[in-house]
Number of protein chains: 2
Amino acid sequence: MTTRTATQQREHARVAYDAYLATCPARQLLDRISDKWVSLLLTALADGPQRYSSLSRTIAGVSQKMLTQTLRTLERDGLVSRSVTPTVPVRVDYALTPLGVSLLPVMQAIKDWAETHIEQVTVARDTYDKRSTSPG
Amino acid sequence: MTTRTATQQREHARVAYDAYLATCPARQLLDRISDKWVSLLLTALADGPQRYSSLSRTIAGVSQKMLTQTLRTLERDGLVSRSVTPTVPVRVDYALTPLGVSLLPVMQAIKDWAETHIEQVTVARDTYDKRSTSPG
DNA sequence: CGGCATCCCTAAAGATACTG
DNA sequence: CAGTATCTTTAGGGATGCCG
């Protein structure tokens, strides 16, 4: 088992886990990373470690509760590391782990897609709503 | 305005919209596509149009309510098209629009990442929980 | 500064029943 | 088959207050 190559391991995972199955652990993970705070947090950490207060400023509108909660979850899942500098007052830095870095391109792609396609979506919504209102 | 190239338009969008801002439309769109049903639905339509019943079978555990609701939203946002064949009983097919196709690679990447990295995440969780329990 | 604990409330999601 | 309507439950998330 320990002699599997990275490619073999990837193949193994592809066969063993299926996010379409409700009870599959991969489904739960998909659910967890399909979260706006996750994508915003990971992309915010793209350029290097950030302090808690810096993150809360970057990600406008995030409550302290959601920020802490999301950071804890990401830390537990091994995507983000937390390092405390015991000064007074205390300084806490968050950074991406290698696992977090592996997810980063995808998260950036989502954020990018949203920013570059919102105008098309807005047009589509107007068209859809107009169709529904006047059934001409 | 109408003479802008696709590249120029992309540049424009990148500058104009910022998902980090809570009130930005791109943030709402990011929130909307950061949804497990959206990723599962779009990837399910990757290989071509599918009927409603087929989708509900593919995506195990989805309720009619969530399936219909998500499909409606995606249709309104211009990511999915809905075509009705007025037979008895009626037949409804869903397919990706060009806009939906543009998002597909990202959604597939998320689903893939979840399936190929769940084992690493599980290990990370065990490590984290063990650390918390026995403070070595 | 960087949290955690608690209360509270709304919106999202599941279950169930019914329909063109 | 492909939904809609209604009800109930759950979980997301904001506000506040306290602490090392």
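Since the structure is predicted, the reported quantities are computational estimates derived from the model, not experimental observations. Just so we're on the same page: letters track the sequence lines, and every chain starts at 1.
What you find for B/M66 and B/W37 is that their closest heavy atoms are CE-CD1, 3.8 Å. Closest heavy-atom contact between B/T97 and B/G78: OG1-O, 2.5 Å. Between A/M107 and A/I33, the shortest heavy-atom contact is CE-O, 4.1 Å. Taking every heavy atom of both residues into account, A/E115 and A/I118 meet most closely at O-CG2, 3.6 Å. Summarising the geometry of B/A46 relative to B/Q108, their closest heavy-atom pair is CB-NE2, 3.6 Å, with the distance given to 0.1 Å. Residue B/P105 comes nearest to B/V101 through the heavy atom pair CD-O, 3.1 Å, listed as atom of the first residue, atom of the second, then distance.
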Distance-only donor-acceptor pairs under 3.5 Å for side chains of residues 21-30 of chain B, two or more places apart:
| from | atom 1 | to | atom 2 | distance (Å) |
| --- | --- | --- | --- | --- |
| B/R27 | NH1 | A/A60 | O | 3.3 |
| B/R27 | NH1 | B/A19 | O | 3.1 |
| B/R27 | NH1 | B/Y20 | O | 3.0 |
| B/R27 | NH2 | A/A60 | O | 2.8 |

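Residue pairs meeting the salt bridge (charged side-chain N to carboxylate O under 4.0 Å, His left out) criterion with at least one partner in residues 32-51 of chain A, sequence neighbours excluded, are A/R32-A/D77, A/K36-B/D31. The side-chain hydrogen bond (donor to acceptor under 3.5 Å, both in side chains) pairs that include a residue from residues 79-89 of chain A are A/R82-A/Y94, where partners are two or more places apart or lie in different chains.
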Practice problem: Any chance you could lay out the side chain to side chain contact (heavy atoms under 4.5 Å, CB included) test for A/L79 and A/T73, step after step, and finish with the verdict? | Solution: CA-CA 9 Å; A/L79 295 167; A/T73 304; over 6 Å; no
Practice problem: Kindly determine whether A/R76 and B/D129 satisfy side chain to side chain contact (heavy atoms under 4.5 Å, CB included), including the steps that lead there. | Solution: CA-CA 8 Å; A/R76 189 169 103 97; B/D129 292 346; 2.5 Å; yes
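Annotation: proximity of residues 19-32 of chain B to DNA chain C (heavy atom, distance under 4.0 Å) is found for no residue. Across residues 46-60 of chain B, B/R51, B/Y52, B/S53 each have a non-hydrogen atom less than 4.0 Å from an atom of DNA chain D (numbered order). A heavy-atom distance below 4.0 Å to DNA chain C is reached by none of the residues of residues 74-86 of chain B.
The end-to-end axis angle of the helix from C/dC1-D/dG20 to C/dG20-D/dC1, rounded to 10 degrees and based on five pairs per end, is 60°.
Between the B/T43 side chain and the B/L40 main chain, a donor and an acceptor come within less than 3.5 Å of each other.
Here the P atom of nucleotide C/dG2 and the CG atom of A/L71 are 11 Å apart, to the nearest Å.
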Quiz item: Which parts of nucleotides 13-20 of chain C does protein reach within less than 4.0 Å, heavy atoms only, written one letter per nucleotide 5' to 3' as B for base, S for sugar-phosphate only and - for none?
Solution: BB-B----
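The cluster map of Ile, Leu, Val, Met, Phe, Trp and Tyr, joined by side-chain heavy atoms under 4.5 Å apart, puts B/V123 and B/W113 in different clusters.
B/Q50 is linked by a side chain to side chain contact (heavy atoms under 4.5 Å, CB included) to B/L45, B/S54, B/L55, B/T58, counting only residues two or more places apart in sequence or in another chain. With sequence neighbours left out, B/S56 forms a side chain to side chain contact (heavy atoms under 4.5 Å, CB included) with B/L67. Qualifying side chain to side chain contact (heavy atoms under 4.5 Å, CB included) partners for B/V88, counting only residues two or more places apart in sequence or in other chains: none.
A 4.0 Å heavy-atom criterion places the boundary nucleotides of DNA chain D facing chain A at D/dG13 to D/dG17, written 5' to 3'.
In this structure, B/E75 CD and B/L71 CG are separated by 8.5 Å, a value rounded to the nearest 0.5 Å.
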